[in-house]
**Student:** 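Supplied in structure tokens, the structure appears directly below.
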Amino acid sequence: MTAISEKVIIIMGASSGIGEASAKLLASKGAKLVLAARREERIKALADTLGKDVFYQKADVTDRQEVQKVIDLALEKFGRIDVIYNNAGIMPQGNLAKLEYKSWQKMLDINIMGVLNGIGAVLPIMQKQQAGLIISTDSVAGHVVYPGSAVYNGTKYAVRAIMEGLRQEELENGIRSTIISPGMVASELFSTVGDESTEAALRETAGKAGFSLSSEDVAQAVLYAIEQPEHVTISEVLLRPAKQSI
């Protein structure tokens, strides 16, 4: 295992949920962190509680220039980047017949282009270093398709394909890739569903014992992937609540 205290780690989408839980866990292990999210007040408050080696930068993952500022900050403060965790995402739900074009486009921009923007920003640096780990949050929804979620499923299948392509293309440069694919997680992601009845149903299910993961559960999977030595690639961690059927 590689000491986390030696790692410089960027977390995109760090202001709540899995990103926030991962930041707290990694900081507790002594990692050097740069946190990014759209909600500056949230990441500032988080960074302020986590110690001297934690910095933050406001960034929208759909904006390449803002993503680049995050990378620039990490290099300015620490001189290298060992890990980037592309965690930002949204989960609007609804049948295709609803024709929610704006919602679809927003999902594509955040869930797919957001990941690509993070990858593109760090690749030249990691190629030069001949080392690095790129992690992206995927989902069980990237492995199975179910009604009312076709576009979300599609974005998560895309992330899965992109990350495997990244692994194959960059393995000779020492760059590893990991996807974290959780099932239902009780988090603020529910607030992006976009349909009150669906959101209420999800929250009700998540409130039952054994039907949802916590953000901290998923953060443990992130830690596991980062801790591995450089000759080991954890291509994917797929984790579900014990009572989740799909």
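For clarity, every value in this text was computed on a predicted model and none was experimentally measured.
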**Student:** Drop me the distance from I135's CD1 to I180's CD1, to the nearest 0.5 angstrom.
**Tutor:**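 The CD1 atom of I135 sits 6.0 Å away from the CD1 atom of I180.
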**Student:** With a 4.5 Å cut-off on side-chain heavy atoms, are H143 and S181 touching?
**Tutor:**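 They are in side-chain contact.
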**Student:** Report the distance from atom CZ of R42 to atom NZ of K58, rounding to the nearest 0.5 Å.
**Tutor:** 14.5 Å
**Student:** Find the distance between CG (N117) and CG (D109) and round it off to the nearest 0.5 Å.
**Tutor:**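 Answer rounded to 0.5 Å: 9.5 Å.
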**Student:** Is the side chain of R80 donor-acceptor paired with the backbone N or O of Q129 at a distance under 3.5 Å, no angle test?
**Tutor:** no
**Student:** Tell me if a side-chain donor or acceptor on E66 pairs with a main-chain N or O of V61 at a distance below 3.5 Å.
**Tutor:**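 Absent.
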**Student:** Do L223 and I4 come close enough that some side-chain heavy atom pair is under 4.5 Å?
**Tutor:** yes
**Student:** What distance separates I9 CD1 from I11 CD1, expressed to the nearest 0.5 Å?
**Tutor:** 6.5 Å
**Student:** Hey, does the side chain of Y85 reach the backbone of M12 with a donor-acceptor pair shorter than 3.5 angstrom?
**Tutor:** no
**Student:** Taking K156 for the side chain and T137 for the main chain, is one N or O donor matched with an acceptor at less than 3.5 Å?
**Tutor:** yes
**Student:** Could you give the distance from CD (E169) to OG (S177), rounded to the nearest 0.5 Å?
**Tutor:** 10.0 Å
**Student:** Under 3.5 Å, is there a donor-acceptor pair linking the side chains of S139 and R160?
**Tutor:** no
**Student:** Salt bridge or not for R167 and E164, using N-O below 4.0 Å?
**Tutor:** yes
**Student:** Have N173 and E170 got a donor and an acceptor in their side chains that come within less than 3.5 Å?
**Tutor:**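 Looking only at side-chain atoms, E170 and N173 do form a donor-acceptor pair, the distance falling under 3.5 Å.
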**Student:** Can you find a pair of side-chain heavy atoms, one from E216 and one from L25, that are under 4.5 Å apart?
**Tutor:** no
**Student:** Where is the tightest heavy-atom contact between L108 and T155, given as atom of each residue plus distance?
**Tutor:**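 The answer is CD2-CG2, 4.1 Å.
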**Student:** When you measure from the side chain of N87 to the backbone N and O of A14, does any donor-acceptor pair fall under 3.5 Å?
**Tutor:** no
**Student:** With rounding to the nearest 0.5 angstrom, report the CG to CD1 distance, D217 to I18.
**Tutor:**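 Output value for this atom pair is 10.0 Å.
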